[in-house]
Participant: 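This structure is in structure tokens; I'll ask about it shortly.
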Amino acid sequence: MPDNLFKTKYDIDLDDLQKLQPAISIIFTGALLYCHRNGLTCRITSIISDRGDDVNARAKSKTHQSGRAIDIGVREEDGWTDLHISRLTYLLCKDYEDIAALSHSDLSPRAAIAKSDHIHLQCRPNADVSKFIKE
């Protein structure tokens with residue numbers, strides 16, 4: 001079991017966490033809980049400041065720059081398997097459908113998208129998170 005709640009890639013500025021929209025924080029918390037329950041390392045690989053101009057030029061959207069996305073690495077040495085990647089992606093999309101970003105290609109809500117070396121977590125702009133907050 002990992003000792004820390006999460007780890008980061010070397011160039012991550014943790015001050016960026018304060019710039020995230022509440023909905024992406026909720027989706028990220030879902031990912032953290034999954035990692036904790038399954039003994040996986042949750043490693044943040046991208047938030048905002050780490051995305052240089054050359055990376056932004058290749059991005060399909062501005063979710064990171066607008067504080068609506070965070071990436072977590074899925075390295076084998078951190079315990080990740082194809083099953084965990086598929087399962088977490090599926091669960092986040094199902095559980096957070098109401099606040100997930102809409103896919104550009106088909107307008108389907110997707111809270112998580114599995115990429116080759118990370119899972120991209122994303123929310124829609126200014127999503128209403130009231131149903132996720134217990135008073």
Side-chain angles (χ1 to χ4, degrees):
M1 182 61 66
D3 293 337
N4 300 326
L5 184 59
F6 61 84
K7 295 188 178 201
T8 62
K9 198 174 78 173
Y10 68 92
D11 59 347
I12 296 299
D13 181 353
L14 288 177
D15 287 339
D16 284 348
L17 292 175
Q18 297 179 52
K19 301 173 188 173
L20 295 177
Q21 292 193 14
I24 195 60
S25 296
I26 289 171
I27 295 168
F28 178 58
T29 299
L32 280 171
L33 291 171
Y34 180 90
C35 291
H36 180 72
R37 283 192 307 266
N38 291 282
L40 305 171
T41 298
C42 184
R43 184 180 309 277
I44 298 172
T45 58
S46 182
I47 308 176
I48 300 170
S49 299
D50 60 289
R51 302 181 62 79
D53 292 334
D54 58 334
V55 174
N56 291 337
R58 292 191 314 257
K60 293 180 182 177
S61 70
K62 300 290 184 190
T63 55
H64 282 277
Q65 295 87 321
S66 62
R68 298 189 301 115
I70 188 168
D71 293 344
I72 59 172
V74 291
R75 301 184 326 185
E76 194 173 317
E77 56 265 31
D78 285 338
W80 289 93
T81 63
D82 289 343
L83 178 62
H84 279 303
I85 295 166
S86 296
R87 185 179 292 156
L88 177 58
T89 301
Y90 169 79
L91 290 171
L92 293 176
C93 287
K94 179 178 71 74
D95 292 347
Y96 302 107
E97 178 179 21
D98 294 346
I99 60 174
L102 300 179
S103 171
H104 179 72
S105 62
D106 61 5
L107 300 180
S108 295
R110 290 196 179 86
I113 301 170
K115 305 286 188 170
S116 62
D117 61 351
H118 68 278
I119 298 174
H120 175 78
L121 308 178
Q122 59 182 8
C123 70
R124 64 185 71 178
N126 304 310
D128 179 8
V129 297
S130 58
K131 83 177 240 179
F132 300 98
I133 308 298
K134 305 284 187 226
E135 299 219 15

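The figures here come from the full heavy-atom set of this structure, side chains too, leaving out hydrogens, waters and symmetry mates. Predicted model only: the values in this text are computed from it and were never measured.
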Participant: Rounded to the nearest 0.5 Å, what separation is found between the CG atom of D71 and the OG atom of S46?
Facilitator: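 Between atom CG of D71 and atom OG of S46 there are 4.5 Å.
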Participant: Tell me, please, which residues at least two apart from L32 pass side-chain contact (heavy atoms from CB on, under 4.5 Å).
Facilitator: L5, F6, F28, C42
Participant: Using a strict cut-off of less than 4.0 Å between a Lys/Arg side-chain nitrogen and an Asp/Glu carboxylate oxygen, indicate whether K131 and D98 qualify as a salt bridge.
Facilitator: yes
Participant: Without swapping roles, check the side chain of Q65 against the backbone of I48 for a donor-acceptor pair under 3.5 Å.
Facilitator: no
Participant: Measuring only between side-chain heavy atoms, which start at C-beta, is T89 closer than 4.5 Å to I119?
Facilitator: yes
Participant: I'd like to check the side-chain contact (heavy atoms from CB on, under 4.5 Å) partners of D11; sequence neighbours left out, ordered by chain and number.
Facilitator: K9, D50
Participant: Any side-chain to backbone donor/acceptor pair from H64 onto I47? Under 3.5 Å, distance only.
Facilitator: yes
Participant: In the structure I gave you, are the side-chain heavy atoms of K7 and I44 within less than 4.5 Å of one another anywhere?
Facilitator: no
Participant: Given the rule that I, L, V, M, F, W and Y join up when any side-chain heavy atoms are under 4.5 Å apart, are L33 and V74 in one cluster?
Facilitator: no
Participant: Between R110 and D106, does any side-chain N to carboxylate O distance fall below 4.0 Å?
Facilitator: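 So R110 pairs with D106 through a salt bridge.
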Participant: Go through I72 and L88 one step at a time and tell me if the side chain to side chain contact (heavy atoms under 4.5 Å, CB included) criterion holds.
Facilitator: CA-CA 11 Å; I72 59 172; L88 177 58; 4.0 Å; yes
Participant: Going only through I, L, V, M, F, W and Y residues with side-chain contacts under 4.5 Å, is there a path from I99 to I133?
Facilitator: yes
Participant: Looking at Y34, is its backbone amide N or carbonyl O close enough to the side chain of N38 to form a donor-acceptor pair, meaning the two atoms are under 3.5 Å apart?
Facilitator: yes
Participant: Do side-chain atoms of Q122 reach the backbone of A111 as a donor and acceptor pair under 3.5 angstrom?
Facilitator: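 Looks like no, no N/O pair under 3.5 Å.
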Participant: Given L121 and L92, is the side chain to side chain contact (heavy atoms under 4.5 Å, CB included) satisfied, shown in steps?
Facilitator: CA-CA 9 Å; L121 308 178; L92 293 176; 3.5 Å; yes
Participant: Check whether I113 and L102 end up in the same hydrophobic cluster, where Ile, Leu, Val, Met, Phe, Trp and Tyr are linked by side-chain heavy atoms less than 4.5 Å apart.
Facilitator: no
Participant: Show, in sequence, the C-alpha distance, side-chain angles and deciding distance for T8 and R43, and conclude whether the side chain to side chain contact (heavy atoms under 4.5 Å, CB included) test is met.
Facilitator: CA-CA 5 Å; T8 62; R43 184 180 309 277; 5.8 Å; no
Participant: Nearest 0.5 Å please: distance from the CG atom of D95 over to the CD1 atom of I26.
Facilitator: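 Result: 12.0 Å between the selected atoms.
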Participant: Could you give the distance from OG1 (T29) to OH (Y96), rounded to the nearest 0.5 Å?
Facilitator: 7.0 Å
Participant: To the nearest 0.5 Å, what is the distance between CZ (R124) and OG1 (T63)?
Facilitator: 14.0 Å
Participant: Verify whether one side chain among S66 and R68 offers a donor that lies under 3.5 Å from an acceptor in the other.
Facilitator: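 Note: S66 and R68 side chains meet the donor-acceptor criterion.
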Participant: Under 4.5 Å between any side-chain heavy atoms of L17 and L20, yes or no?
Facilitator: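 Yes, side chains in contact.
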Participant: Determine, step by step, whether D78 and L40 satisfy the side chain to side chain contact (heavy atoms under 4.5 Å, CB included) criterion, reporting the C-alpha distance in whole Å, the side-chain angles of both residues, the deciding distance to 0.1 Å, and the verdict.
Facilitator: CA-CA 6 Å; D78 285 338; L40 305 171; over 6 Å; no
Participant: Inspect the surroundings of CD in E76 and state if more than 12 heavy atoms from other residues, nucleotides or ligands are less than 6.0 Å away.
Facilitator: no
Participant: Minimum heavy-atom separation for I85 to A114, with atom names?
Facilitator: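 Heavy atoms of I85 and A114 come nearest at CG2-CB, 3.7 Å.
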Participant: Has the side chain of W80 got a donor or acceptor atom that lies under 3.5 Å from a matching backbone atom of H118?
Facilitator: no
